[in-house]
2 protein chains.
Amino acid sequence: MKELHNFAESEEMYLKTIAEISRHGNLVPVTYIAERLSISTVSASEMVHRLQGRGLLEHTPYKGVRLTDDGLNRAESILRRHRLWECFLAEHLGLPWKQVHDFACQLEHVSEDALTDALDKHLGFPSFCPHGNPIPPAQGVLEVRETTPLSDLDVGQEGVVLCIREEDGEMLDYLDARAVRPGSRVRIEEIAPYDGPRSVLLDGEKQVLGREVAEHILIELVNDNETE
Amino acid sequence: MKELHNFAESEEMYLKTIAEISRHGNLVPVTYIAERLSISTVSASEMVHRLQGRGLLEHTPYKGVRLTDDGLNRAESILRRHRLWECFLAEHLGLPWKQVHDFACQLEHVSEDALTDALDKHLGFPSFCPHGNPIPPAQGVLEVRETTPLSDLDVGQEGVVLCIREEDGEMLDYLDARAVRPGSRVRIEEIAPYDGPRSVLLDGEKQVLGREVAEHILIELVNDNETE
DNA sequence: TCTCATAATTAGGATGCCCTTATATTAACT
DNA sequence: AGTTAATATAAGGGCATCCTAATTATGAGA
Ligand SMILES: [Mn+2]
Ligand SMILES: [Mn+2]
Ligand SMILES: [Mn+2]
Ligand SMILES: [Mn+2]
């Protein structure tokens, strides 16, 4: 499990991580950042100060962190590179989701604009990564879609998988193996007691998914007129 | 716990550089390494000791450095990744030589075997990079070709460009613009006094190339029976 | 053999990111 | 208002790579 650590990578991973966590512009607790990056809170805190010094984010003590415009631009640029590489690795090289994600997480830090743009063109300017997440355009604003975690659906509700949250590589592997893909049709058949595992119908196949996993599957609800 | 530290790029660049310089298995002076990497001789010397400690090379003081089998394997693995990426960047993304080389020099450090092999397959297992240098195979030995620098040719001699030495990115750009490519037919028309610039016929076009540049163009001689 | 350019080493620092342990501060809940 | 759990900061290091300046060792040519 080797991770290259040129000193630019660290900064980029902080920014990307913050952008990923702060889905709706909320403040991101430093603790979350530390946890996601597997780093001590002390180190994360130090780094947050450094990044603030560079004008990339603002830290409100005891509340959390918010990216500045500069910081958000940087972060979206990294997400763009990440997701474009994912397209290449999945569609052209035929690699499985987990490798796609892990390799992209390295390549994203060594992709200058000329390379990224050429790759974008070569791929035909895709709009979404293989996991269904939107690819920020070279310039302009990333459109945000309304999504609902599968874990929030009730028995009988139906939807279409829009995207998978990518935080966890292992989970990607798990979902890949179970053919959970953007575009899959999904319907909740049963929820075990105490907010337990979901029995779902996924593109006609019966599956059981734990709640934790279901939280990472983001759905667009399909109008189900009183199916219950 | 998982290390977030991996200063692998530096080590890899040392190994790759040594392999590139030591064309015929000769000892490489530490001074050369330092120069090529734009690093002080003290730092290069330190690093050489470290690499020796890791069993990747042997240093004979006041003579130079030679890669061990391990070191050579590592170096060829890096050259392989570099040249495969170059193929992709040139043929698929259509980037110019200088960018091809510079981007490949970053990507080469972030390419695990699974990625490299998938890329190799996707490219159709090419044998040479866009500059004509051979791509080391996944396993097996790199074949060595007999070459002559263009600067060693006399007036009237002819040959075919086999490959370009890649040390200097600027030079790649220069040669790219002048359509000096592997496979180009070349013939020395005139050599200016004091081993000066060469007037050459390159694929029918008349060109003038400085001696320094000519040293980087490696030729396969064509049997020219008394053309002078 | 002797000289001197070349190569190597020593000494002392700097940088960036990370760590643990200990202490202070604050928000939030009873 | 007072307690407590979460959060922040302070103190003291480690590690890998790189730096400059000064000194020493070597070997190749005069
Ligand atoms: Mn990454
Ligand atoms: Mn993705
Ligand atoms: Mn490189
Ligand atoms: Mn090349």
Side-chain angles (χ1 to χ4, degrees), chain A residues 1-18 21-22 26-66 71 74-75 78 105-106 108-110, chain B residues 1-18 21-22 26-66 71 74-75 78 105-106 108-110:
Chain A
M1 231 111 311
K2 65 166 59 172
E3 291 170 52
L4 176 67
H5 187 75
N6 56 33
F7 290 116
E9 175 174 352
S10 201
E11 174 177 313
E12 293 190 339
M13 286 304 283
Y14 273 88
L15 296 176
K16 190 183 83 161
T17 299
I18 294 166
I21 300 180
S22 127
N26 9 359
L27 289 173
V28 176
V30 178
T31 317
Y32 284 24
I33 305 172
E35 195 192 339
R36 275 284 302 277
L37 293 174
S38 306
I39 272 170
S40 77
T41 56
V42 175
S43 297
S45 191
E46 278 178 358
M47 188 59 160
V48 160
H49 285 330
R50 267 178 242 135
L51 295 174
Q52 186 166 38
R54 292 176 213 165
L56 295 167
L57 54 76
E58 270 163 35
H59 179 220
T60 312
Y62 298 98
K63 298 288 178 169
V65 145
R66 170 175 292 131
R74 287 286 312 274
I78 300 154
C105 191
Q106 301 190 259
E108 66 191 357
H109 309 294
V110 273
Chain B
M1 302 289 123
K2 278 182 200 174
E3 285 181 352
L4 202 61
H5 270 290
N6 184 355
F7 292 73
E9 175 170 349
S10 198
E11 174 177 312
E12 292 190 340
M13 285 304 283
Y14 273 90
L15 295 176
K16 190 183 83 162
T17 300
I18 293 166
I21 301 179
S22 123
N26 8 359
L27 289 174
V28 176
V30 178
T31 316
Y32 284 25
I33 305 172
E35 195 192 339
R36 275 284 302 277
L37 293 174
S38 305
I39 272 168
S40 77
T41 56
V42 175
S43 297
S45 192
E46 278 178 357
M47 187 59 160
V48 159
H49 285 330
R50 267 177 242 135
L51 294 174
Q52 186 166 38
R54 292 175 212 167
L56 295 167
L57 54 77
E58 272 164 33
H59 179 220
T60 313
Y62 299 98
K63 300 287 179 169
V65 145
R66 169 175 293 132
R74 287 286 312 275
I78 300 154
C105 192
Q106 301 189 260
E108 67 192 356
H109 308 293
V110 209

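Numbers restart at 1 for each chain; the letters A, B, ... are given by sequence-line order, proteins then strands. Both backbone and side-chain heavy atoms feed into the values below; hydrogens, waters and symmetry mates do not.
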Review point. Quick one: which of dC19(D), dT17(D), dC18(C) gets closest to the side chain of Ser10(B)?
Key: dT17(D)

Point to revise | Separation of atom CG in Leu27(B) from atom P in dG27(D), rounded to whole Å | key: 13 Å

Review point. Please give, in whole Å, the distance from dA7(C) P to Tyr32(B) OH?
Key: 8 Å

Practice item. Can you tell me the distance, in whole Å, between the CD atom of Glu11(A) and the P atom of dC18(C)? Key: 11 Å

Between side-chain atoms of residues 55-64 of chain A and protein atoms elsewhere (two or more places apart, or another chain), which donor-acceptor pairs fall under 3.5 Å?
none

Check your understanding: Whole Å only: how far is the CD atom of Glu35(B) from the C1' atom of dC18(D)?
Key -> 18 Å

Practice item. Can you tell me the distance, in whole Å, between the CZ atom of Arg50(A) and the C1' atom of dG16(C)? Key: 7 Å

Which protein N or O atoms sit under 3.5 Å from an N or O of nucleotides 3-9 of chain D?
unit_1	atom_1	unit_2	atom_2	d
dT7(D)	OP2	Thr31(A)	OG1	3.3
dA8(D)	OP1	His59(A)	NE2	2.8
dA8(D)	OP1	Tyr62(A)	N	3.2
dT9(D)	OP2	His49(A)	NE2	2.7

Exercise for review: To the nearest Å, give me how far apart CD (Glu46(B)) and C1' (dA7(C)) are.
Suggested key: 15 Å

Check your understanding: Should Lys16(A) and Glu12(A) count as side-chain neighbours, where that means a heavy-atom distance under 4.5 Å?
Key -> no

Exercise for review: Keeping to residues at least two apart or across chains, list the salt bridge (charged side-chain N to carboxylate O under 4.0 Å, His left out) pairs with something in residues 37-48 of chain A.
Suggested key: Glu46(A)-Arg50(A)

Review point. Between dC19(C) and Ser43(A), is there an OP1 or OP2 to side-chain N/O distance shorter than 4.0 Å?
Key: yes

Exercise for review: Report the distance from atom CG of Leu37(A) to atom P of dC19(C), rounded to the nearest whole Å.
Suggested key: 10 Å

Donor-acceptor pairs are to be reported for all side-chain atoms of residues 34-44 of chain B against protein atoms at under 3.5 Å, with residues two or more places apart or in another chain.
unit_1	atom_1	unit_2	atom_2	d
Arg36(B)	NH2	Glu20(B)	OE1	2.7
Ser40(B)	OG	Ser43(B)	N	3.1
Ser40(B)	OG	Ser43(B)	OG	3.0

Exercise for review: For Gln106(B), enumerate each residue passing the side chain to side chain donor-acceptor pair (under 3.5 Å) test, keeping only those at least two apart in sequence or located in another chain.
Suggested key: none

Revision key, fill the gap. Nearest heavy-atom approach of Ser22(B) to Val28(B) is CB-CG2, 3.2 Å

Practice item. Indicate, with a heavy-atom threshold strictly under 4.0 Å, whether Tyr14(B) touches base, sugar-phosphate, or nothing. Key: sugar-phosphate

Check your understanding: Whole-Å distance between dC15(D) P and Arg54(B) CZ?
Key -> 14 Å

Check your understanding: What pairs with Ser10(B) under side chain to side chain contact (heavy atoms under 4.5 Å, CB included), at least two apart in sequence or on another chain?
Key -> Tyr14(B), Met47(B)

